[in-house]
Q: 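After the structure tokens below, expect a handful of questions from me.
Quick note: residue numbers are just sequence positions, from 1.
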Amino acid sequence: MSTAAQPIAFEPRAVAPLGRRRAPVAYTRSLGAYGLIAVRDPISVTPWPGQFYMLASVEGWGGGEGERPFLPRACSVARVRSEGTAVVLEFMLEDVGPGTRRLLAGEVGDELWLAGPLGLGFHPPPERARSVLVGGGAGVAPLVIWQDWLQAGGHAAPALLGFRSARHAQAAALFSEPTVATDDGGAGYHGPVTELLASVLSEPGPAVVSACGPPGMLEAVRALCAARGVAAQLALEAPMACGYGACFGCVVATVDGYARVCVDGPVFAAERLGDLRTLDHG
């Protein structure tokens, strides 16, 4: 039986080994509108919560005969599990195009190209500050491993999760005691997850918000936390070609100039960012 890996000492960037490597698919699982795919990493490097990997299929990774191959997909790690001496990485994906569709079609024993861990992850909260996790859609993935780490360290880490429908909300099963909101009212609270956040932040005591999700949700979280003087760290999603800062395809404007989401993030302090609705890449 798989067991969760023990939390590691704080280091926001676990250093990735050079190059990509083959990683066999260990198991898969359906999560309603999403799919969970786990790969066995031949190099036992434990990622920090919030970091990501670049994934590509070893076989059939392209648009068809005579067409160009797909670029690797940047995927946040959702959970790390130890199986004996092996490290198994879990990724939660949604079928949003040919690349993610091909990854989700992987079966046990198939191989993926794996590069990572990459980027900067979340920072632990100060002592006596509550951690509040806010996720939307497929963006809930990096909050799974973050909740694991926080709870293993004795921190309460309530998770507020927003989804389109009850089918999408099945991904909440990855969390411990989540509070769910859905756009159509099919599960949990009927309305945006930020309304749940506003209620939680009205409670007394300092808090730190960690969030990941679509740009509109992140902007609402950023604005809400700024208005209430609450510290927040936001994990941004952006299309990437390389994952290690060479292509400058994932730049985002900050108060002190442009930054690359892949190496300067994906986790940023909210006060460094402007209106995040401009990140909606469609």
Side-chain angles (χ1 to χ4, degrees), residues 8 10-17 45-55 71-80 89 91-94 96 100 114-125 131-147 149-150 208-226 230-282:
I8 55 177
F10 173 60
E11 174 55 60
R13 190 196 304 272
V15 178
V45 176
T46 302
W48 183 256
Q51 289 193 291
F52 67 94
Y53 289 75
M54 301 297 288
L55 303 182
L71 291 171
R73 296 302 190 263
C75 301
S76 297
V77 63
R79 180 165 275 143
V80 182
L89 307 169
F91 300 94
M92 191 190 93
L93 306 177
E94 183 178 10
V96 293
T100 48
L114 185 73
L118 301 167
L120 284 167
F122 293 106
H123 284 254
S131 288
V132 181
L133 313 185
V134 185
V140 306
L143 300 179
V144 178
I145 183 176
W146 190 217
Q147 187 188 59
W149 189 93
L150 289 167
V208 175
V209 172
S210 302
C212 184
M217 186 211 83
L218 288 181
E219 171 56 21
V221 171
R222 186 197 67 81
L224 179 62
C225 290
V230 174
Q233 49 185 341
L234 310 180
L236 306 186
E237 299 173 331
M240 298 177 189
C242 68
Y244 50 82
C247 70
F248 285 77
C250 61
V251 293
V252 58
T254 72
V255 296
D256 47 6
Y258 284 98
R260 293 165 292 177
V261 173
C262 62
V263 293
D264 302 312
V267 179
F268 292 86
E271 62 265 24
R272 290 189 61 199
L273 303 169
D275 191 326
L276 293 169
R277 289 171 293 186
T278 60
L279 290 178
D280 196 346
H281 300 281

Q: Taking C-beta and beyond as the side chain, do Pro117 and Val77 meet within less than 4.5 Å on heavy atoms?
A: no
Q: Quick one, Trp48 with Trp149, criterion side-chain contact (heavy atoms from CB on, under 4.5 Å). Give me CA distance, side-chain angles, the key distance, then yes/no.
A: CA-CA 9 Å; Trp48 183 256; Trp149 189 93; 3.4 Å; yes
Q: Under the side-chain contact (heavy atoms from CB on, under 4.5 Å) rule, what do Leu114 and Leu89 come out as? Steps first, then yes or no, please.
A: CA-CA 10 Å; Leu114 185 73; Leu89 307 169; 4.0 Å; yes
Q: Apply side-chain contact (heavy atoms from CB on, under 4.5 Å) to Tyr53 and Ser76, showing your working.
A: CA-CA 6 Å; Tyr53 289 75; Ser76 297; over 6 Å; no
Q: What's the shortest heavy-atom distance between Val134 and Leu143, and which atoms?
A: O-CD1, 3.2 Å
Q: Between Val221 and Cys225, is any pair of side-chain heavy atoms under 4.5 Å apart?
A: yes
Q: Under the side-chain contact (heavy atoms from CB on, under 4.5 Å) rule, what do Leu118 and Met54 come out as? Steps first, then yes or no, please.
A: CA-CA 8 Å; Leu118 301 167; Met54 301 297 288; 3.7 Å; yes
Q: Between Arg73 (side chain only) and Leu71 (backbone N and O only), is there a donor and an acceptor less than 3.5 Å apart?
A: yes
Q: Of all the heavy-atom pairs spanning Ala238 and Val261, show the shortest one and how long it is.
A: CB-CG2, 4.1 Å
Q: Without swapping roles, check the side chain of Arg272 against the backbone of Thr254 for a donor-acceptor pair under 3.5 Å.
A: no
Q: Is the closest side-chain heavy-atom distance between Glu271 and Val255 below 4.5 Å?
A: no
Q: Looking at side-chain heavy atoms only, is the closest gap between Val209 and Gln233 below 4.5 Å?
A: no
Q: Please find the pair of heavy atoms, one from Cys250 and one from Met240, that lie closest to each other, and give the distance.
A: CB-CG, 4.0 Å
Q: Taking all atoms of both residues into account, what is the closest heavy-atom pair of Ala235 and Val267, and its distance?
A: CB-CG2, 3.9 Å
Q: For Gly135 versus Met217, what's the shortest heavy-atom pair and its separation?
A: C-SD, 3.7 Å
Q: Is the side chain of Ser131 donor-acceptor paired with the backbone N or O of Val208 at a distance under 3.5 Å, no angle test?
A: no
Q: Determine the sole option in Leu120, Leu236, Leu234 for which the side chain to side chain contact (heavy atoms under 4.5 Å, CB included) test with Phe268 is passed.
A: Leu236
Q: Is the closest side-chain heavy-atom distance between Cys75 and Leu93 below 4.5 Å?
A: yes
Q: Measure up the Phe122 and Trp146 rings against each other and bin them: parallel (under 30°), tilted (30 to 60°), perpendicular (over 60°).
A: parallel
Q: If you look at every heavy atom in Pro125 and Leu150, which pair is closest and at what distance?
A: CD-CD2, 3.6 Å
Q: Could you tell me whether the side chain of Phe52 reaches within less than 4.5 Å of the side chain of Pro266, counting heavy atoms only?
A: yes
